[in-house]
Amino acid sequence: GAVVSQHPSWVICKSGTSVKIECRSLDFQATTMFWYRQFPKQSLMLMATSNEGSKATYEQGVEKDKFLINHASLTLSTLTVTSAHPEDSSFYICSARLGTINTEAFFGQGTRLTVV
Amino acid sequence: DAKTTQPPSMDCAEGRAANLPCNHSTISGNEYVYWYRQIHSQGPQYIIHGLKNNETNEMASLIITEDRKSSTLILPHATLRDTAVYYCIVMIYNQGGKLIFGQGTELSVKP
């Protein structure tokens, strides 16, 4: 299947700092990317939908000023966790849709964020 | 939004077929059913998706009932590496094709 790559795979940061996570579609162009977070022993929770060249659409309850999403090209979306706190520690996963709305969406390997 | 219901856990003997059920009784006519699986601490892996016809690929088969209110994912010869959480998802067509994950089924393949 198509490849979606996230960087970094894991990151430890100090409380109050910001962290940027990159999501790249390596062998296809993705007009739509999705960002999820997952806490231990829980399912994935959709945070936002990222569309190339436009503002992201955030799910209810997700703070857009804290989780900044940029989708500047058809192969790259970034999630920046601003002023991170320990409760932001989680597994962040991106997904990119292969083509039209009824096609497959492929997921990155995830980024483990630990805020200390 | 269409929601799905899956059993929280299932066991399967290695080499046997694993049949994972999913109910999606409120699905709309243009909404697809997707199946993904997640092995611990990894991103979800795409398995298969379909609208109303049965689908088969190298990983699995997807059987969708005629009224589309339920479906079954079939792994024909389960191996230990198929142990994972399996998610049945109805894609939300009128919201940009979002995939909303439920709790999934934790499949344990045992020797």
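Every chain is numbered from 1, with letters handed out A, B, ... down the list of sequences. Every heavy atom of this structure was used, including side-chain atoms; hydrogens, water molecules and symmetry mates were not.
Note: the hydrophobic cluster containing B:Met59 also contains B:Leu73 (ILVMFWY, side chain heavy atoms under 4.5 Å, direct or indirect links). Under the 4.5 Å side-chain heavy-atom criterion for ILVMFWY residues, a single connected hydrophobic cluster contains both A:Phe67 and A:Met45. Cluster membership for B:Met91 and B:Leu51, using ILVMFWY side-chain heavy atoms within less than 4.5 angstrom, is shared.
The aromatic ring centres of A:Phe107 and B:Phe101 sit less than 6.0 Å apart.
Residues B:Gln38 and A:Ile93 form a side-chain contact, since some pair of their non-hydrogen atoms from C-beta on lies under 4.5 Å apart. The closest side-chain heavy-atom distance from B:Ser41 to A:Arg112 is below 4.5 Å.
The two residues A:Arg97 and B:Tyr34 have their closest heavy-atom pair at NH1-OH, 3.7 Å. Heavy-atom minimum distance, B:Tyr87 versus A:Gln38: OH-NE2, 4.0 Å. Annotation for A:Glu104 and B:Tyr36: closest pair C-OH, 4.4 Å, computed over non-hydrogen atoms.
No more than 12 heavy atoms of other residues, nucleotides or ligands sit less than 6.0 Å from atom NZ of A:Lys20. Environment of CD in B:Glu106: sparse, with no more than 12 heavy atoms of neighbouring residues, nucleotides or ligands closer than 6.0 Å.
Contact annotation for A:Leu46: only side-chain heavy atoms (C-beta onward) come within less than 4.5 Å of a heavy atom of chain B. With a 4.5 angstrom heavy-atom cutoff, A:Thr103 touches chain B only via backbone atoms.
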